[in-house]
Structures are given as structure tokens and as C-alpha cells.
Amino acid sequence: MRLYNTLGRAKQEFTPLRGNDVSLYVCGITAYDLCHIGHARSSVVFDVLVRYLRFKGYNVTFVRNFTDVDDKIIKRAAELGLTSQEVAEKYIAEFYVDMDALGVLRADVEPKCTEHIAEMITLTQGLIKDGHAYATLSGDVYFKVRSFEGYGKLSGRNIEDLMSGARVEPGEEKLDPLDFALWKAAKPGEPYWPSPWGNGRPGWHLECSAMSEKYMPLPLDIHGGGQDLAFPHHENEIAQSEAATGKEFARFWVHNGFVQINSEKMSKSLGNFFTIRDILAKFLPETLRYFLLSMHYRSPLDFSFDALEESEKGVRRIYTALLQVEEALAGTKWSKGAFPQEILDELSGYEKGFAEALEDDLNTAAALGHLFGVVRLAGRILEDKALRKTEAARDTLARIQAAVAAWSKVLGVYGLAPAVFLADLKTCRAARAGIDAAQVDALLEKRLEARKAKDFAASDAIRDELAALRVEVKDTPLGQVWDVL
RNA sequence: GGCGGCAUAGCCAAGUGGUAAGGCAGAGGUCUGCAAAACCUCCAUCCUCCGGUUCAAAUCCGGAUGCCGCCUCCA
């Protein structure tokens, strides 16, 4: 497949270095708070990448870490009156709740920083020995950025550019403002581990270098993360790992775009923040997942509840079609008959198009376009009273059903039983609109009476009454069905 | 200030040289007691603007304007 590689800033043909094996490392969360939509996007994007690589037959080793010791966690622990370990454990558990809801698969290895202190100390010792790092009197260890020739190659910066933005915090004993911490001496009350430089804890950038190398051979095939991690985090990882090992660190760097609110970055300081919980209180997880996949992973994605409602309609349309296909296939009487070749050709086109879309830098938005193509095709077959009873129609509908099922495994959407999803969706929408189901049922009962008496005026009056409650009634062969307007 | 990205219909959005996917909304039609759903048809002579390259550009190059991100923790 073709993947956009930040290292080189171009789409490149991706093939694994070691036969059929693919190594993928993605920077996971710092466990100090509930996950927001940005985490959801990153997780879902790389989840689809893993699923797709596996779909293609690769043997993928997927490692995603947890940062479980860090300034923010320590700060949060102080606020909550907990230990930093307790805070990390709490939010790792919350992470799993959200990710399971979103259908994000577990990684093969999910290493925690605190369980790899020894590896990080060893890595740091090696860097000091080779002159790439130095310890200060107070027990900090810094990486000597100017000792690594390739620094800046990922983010496209040079040392001079960086100098203008660099600064030294008070109390830091850096030899050069560009240097970054590998090891931080413990301040009173902070969690610490013993080291050759005294008690302290690892710097953030160091973890990923140590943990990726432990579980996968270098170079990694793919290293992923959010766009903001490219600099300095990923740049620093490259410097540490390549300076320490002399090997290339990662061949492909994949970065997902940001979630924005009104075209601005979502952030706590701007107060435009939504957690995954906020969303799932009002919408089904699949709606959010579909929304996240409806744009290319590298584009900025503007979040709003209005946009989510639009996605909800899209999801509903597809499930509605799948339900109709399912119901049609449950029939038993099939006849011989002609079937238009053009429908089969169109279906082949969508099948091919879907595969090509993902092949081209994981273009899920384009892939969804082909999914809708197939949905329209199903509708066309089902709408034609003569056509839909033919054996060829049956076979084609089954082929559509199979195609969507296969695609759903890659995208992680449309995999539920349609009737179950649609029932959940109705409940979800009714709750959001504040609809009282008992009240609706009573009105529907009255309307049924009126309809039995052919009193359409009364029936329509009740329908208006229901509409005022944001309830829409449909008369189907099976009776009245209601949904949220 | 340095580095980078984006600009496609009412809205969202795909599309990196061959003549504008898809979704939502909207209009007409089939169906229906009337509706709804579903289906069919229509809905950008044109891709922010100005130049250039080319037989051919939304797609490449130069410039302008606007928006955004990174350079500090951040998916």
C-alpha cells in the first residue's frame, strides 16, 4: 500500500522490511485524565491501519505504550490525593472503557513506562558513554542534541531554526538550550527510581525509544502518533535511538491530523474540549467512529454535534439498507430470470474502488463513498418488484452483504446486527430528544383506533401531535413505526 | 521570527496532469388515504484570486489573500 511518510513528506510504497512481518509502534496516552476526541481519532486511525494491514495478510506486531509516570500525572495525583500510580491505573482503565466502546482493538503489547525503567537506564548509560548525553550535578541527564547529526530530519528543522525558539527553564543545567531531558532528578514528594545519577524518573521521550526497541527489531516498519508529536517527541526518539544503536529507528512515520472545534485546535485552555464520554452520552459509539473515518486521517477534522448528527444519518442509512437486504434474503421463493449486467459491473467497480481507496494512504473517506454505492445498488434491486425475486438478485444481495461484512471488519463499523443497531439508535435518539416512550405509545394506540375506523382526520391530528413531540410515525405493512424526527 | 499544512457546491468531503466520488440538506417523480422510509432523476461548465508551464491543471510552478498547526505539555 501507499502511505504518507512524514520522513520525506510524500506518499511512499510501503512494504515490510522483514518478509511478511510488520512492526508498528504508536505513542499511547499519558494516563492523567479521560480521553478526548483527539485520542479517539488517533486510536481509531491506527486501529484501522492495523486492521487493514492484517486484512492484507501481514503479520502485524502492534505496540502501543502507556505513559504512567509524568509531570501531569504527578500534578493530578496531588489534586486528587492519590499516588501517581493510582491515577495512572484509574485512567488506563477509563481508556479501555472508551476504546472498547469505539471498537479499538487491543495492541499486542501495551508496555508501561514504569515497568521499563531498567531498559531506560541502560539506554541512557550507553548514550552517556558514547558522548551523546551528560549528567548534571543535580542528577538530571540531558541528551546532547548537537551530538546527533540527523537532528531535525523528521520535522524539517535545522539547529539554527530551533535555536530561535529554544529556551532554558530556570534551574535547568543544560549545556545547550536545545538539549532535552533523558532523566529527571526527583523533587521532594515525587515518585522516583534509583539510578546511577541518583533517585529520579525517566523523561517522556526516552520511554518510546526504550520500549519500542525492546519489543521489536529496529528499524520499526511504522511509527505512528498525532501530528503534534512529530516535534519534539518523535524527533527526540529518533535522536536517542539512532545515536544509541547506530541503526535507523523507523522507516515510516505516520501522523494523524488534529480534531478542531470551529477550525481551532481543541484544548483545555481554550475551553473547547470534549471527552469521548461527553460524546457517548449522546451518540452511539459507531456514529463517532463513522464520523472519524469520514475524513482522511491526515486532514484536520472539525468536530461539532451537528456534524455528528449528520454522520448519524449516514450510519442509519447504511444499517437500514443492510436490514432490508437481510430481510429479503430470508425469503425462500426465488425464480429464474434475467438480471442486468450493469448492476454486476457497478458492484465490481465498488468492490475494486473500496480496496483501492484503502490501498492509497488509508483513504477511508473515499472507501465510504464506495460503501454507499453498494447500498444504493441494494436499494435498486430491492425496489424492483420483478428483479428482487430472482435467484440472480438473491446471489447479488448475498454478495453485497458479504462485501459489507468484509469491509466492516477493516473499518470497524457496520458489523452489528442491523436490527440491534437500529433499535439502539432509536433509543439513543429518543433519549437525546427527551421523548417519553410511554406517552408516544399511548398516542400510537389512539391513532391505530382512528385508522381502523378510517378516520384519517383524527389519525393525522394525532400524527401532528406526535410531530410536536419530535416523533415521526411511519405506516408500514407491519403497522405503525415511530422514529425521532 | 523560523518550519509546515490547508483553501473543492448551501454544509461536510474524496480527488496530485486527461476533463469534478460520496454524504447531509434541497427540488421533481415512483410508492402511499395523506405522509415517512426506500428507489429514480436533478442539483459545482467548474475547484480562493492573479500569472506561468503543458496538447491537456482542481491537480505542477510563481505570486497574492485567508485560515490552521508546530517551534512549551499535548493525539
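The figures here come from the full heavy-atom set of this structure, side chains too, leaving out hydrogens, waters and symmetry mates. Below, chain A is the first sequence line, B the second, and so on; all start at residue 1. As the structure is a computational prediction, the values presented were derived from the model and not from experiment.
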Non-neighbouring partners of A/Glu310 that pass salt bridge (Lys or Arg N to Asp or Glu O under 4.0 Å), sequence neighbours left out: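 Applying salt bridge (Lys or Arg N to Asp or Glu O under 4.0 Å) to A/Glu310 gives none.
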
With A/Asp483 via salt bridge (Lys or Arg N to Asp or Glu O under 4.0 Å) - residues at least two apart: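 Salt bridge (Lys or Arg N to Asp or Glu O under 4.0 Å) check on A/Asp483 returns A/Arg316, A/Arg429.
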
Determine the interatomic distance between [atom1] on [N] and the same-named atom on [M]; round to the nearest Å.
| N | M | atom1 | answer |
| --- | --- | --- | --- |
| B/C67 | B/C73 | P | 28 Å |
| B/C60 | B/U16 | C1' | 8 Å |
| B/C49 | B/U65 | C1' | 7 Å |
| B/C61 | B/G4 | P | 14 Å |
| B/A21 | B/C46 | C1' | 16 Å |
| B/U54 | B/C11 | P | 36 Å |
| B/U41 | B/G23 | P | 12 Å |
| B/U53 | B/A20 | C1' | 22 Å |

Categorize [X] for me: base, sugar-phosphate, or nothing, with a 4.0 angstrom heavy-atom threshold over every strand shown.
| X | answer |
| --- | --- |
| A/Arg463 | base |
| A/Val45 | nothing |
| A/Ser43 | nothing |
| A/Asp475 | base |

Polar side-chain contact [X]-[N] base: donor and acceptor under 3.5 Å:
| X | N | answer |
| --- | --- | --- |
| A/Asp460 | B/G33 | yes |
| A/Lys72 | B/C74 | no |
| A/Asp302 | B/C12 | no |
| A/Gln227 | B/G69 | no |
| A/Arg451 | B/G33 | yes |
| A/His36 | B/A75 | yes |

Positive for side-chain contact (heavy atoms from CB on, under 4.5 Å) with A/Ile37, one of A/Asp278, A/Leu301, A/Leu308, A/Ile279: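 Among the candidates, only A/Ile279 passes.
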
Close approaches to RNA chain B from residues 372-385 of chain A, in residue order (heavy atom, under 4.0 Å):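 The answer is A/Phe372, A/Arg376, A/Gly379, A/Arg380, A/Glu383.
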
Close residues, residues 150-158 of chain A, relative to RNA chain B [heavy-atom separation under 4.0 Å]: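 Nucleic-acid contacts, sorted: A/Ser155, A/Gly156, A/Arg157.
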
A/His296 NE2 to B/C6 C1', straight-line distance once rounded to whole Å: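 Result: 13 Å.
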
Check: [X] ring centroid to [Y] ring centroid under 6.0 Å:
| X | Y | value |
| --- | --- | --- |
| A/Tyr32 | A/Tyr91 | no |
| A/Phe249 | A/His223 | yes |
| A/Phe46 | A/Tyr297 | no |
| A/Phe180 | A/His205 | yes |
| A/Tyr414 | A/Phe421 | no |

Anything under 3.5 Å between a donor and an acceptor, one on a side chain of residues 99-109 of chain A, the other on a protein residue two or more places apart or in another chain? List them.
{"unit_1": "A/Asp100", "atom_1": "OD1", "unit_2": "A/Arg106", "atom_2": "NE", "d": "3.4"}
{"unit_1": "A/Asp100", "atom_1": "OD1", "unit_2": "A/Arg106", "atom_2": "NH2", "d": "3.3"}
{"unit_1": "A/Asp100", "atom_1": "OD2", "unit_2": "A/Arg106", "atom_2": "NH2", "d": "2.9"}
{"unit_1": "A/Asp108", "atom_1": "OD1", "unit_2": "A/Arg54", "atom_2": "NH2", "d": "3.4"}
{"unit_1": "A/Asp108", "atom_1": "OD2", "unit_2": "A/Arg54", "atom_2": "NH2", "d": "2.8"}
{"unit_1": "A/Asp108", "atom_1": "OD2", "unit_2": "A/Phe62", "atom_2": "N", "d": "2.7"}

B/A75 base stacked by A/Phe258 (centroids within less than 5.5 Å, tilt under 30°):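 Yes, A/Phe258 stacks on the base of B/A75, since the ring centres sit under 5.5 Å apart and the planes are within 30°.
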
Closest to side chain of A/Asn363, choosing from B/C74, B/G15, B/C24: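 In terms of side-chain proximity for A/Asn363, the closest of B/C74, B/G15, B/C24 is B/G15.
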
Does the side chain of [X] get closer than 4.0 angstrom to OP1 or OP2 of [N] through an N or O atom?
| X | N | result |
| --- | --- | --- |
| A/Trp204 | B/C74 | yes |
| A/Ser299 | B/A14 | yes |
| A/Arg388 | B/C39 | no |
| A/Lys313 | B/A25 | yes |

For A/Phe339, all residues meeting ring-ring contact (aromatic ring centres under 6.0 Å, His included), sequence neighbours excluded: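 With sequence neighbours excluded, A/Phe339 shows a ring-ring contact (aromatic ring centres under 6.0 Å, His included) to no residue whatsoever.
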
Cation-pi geometry met for A/Arg432 and A/Phe283 (6.0 Å, 45°):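 Flagged: A/Arg432 positioned over aromatic ring of A/Phe283.
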
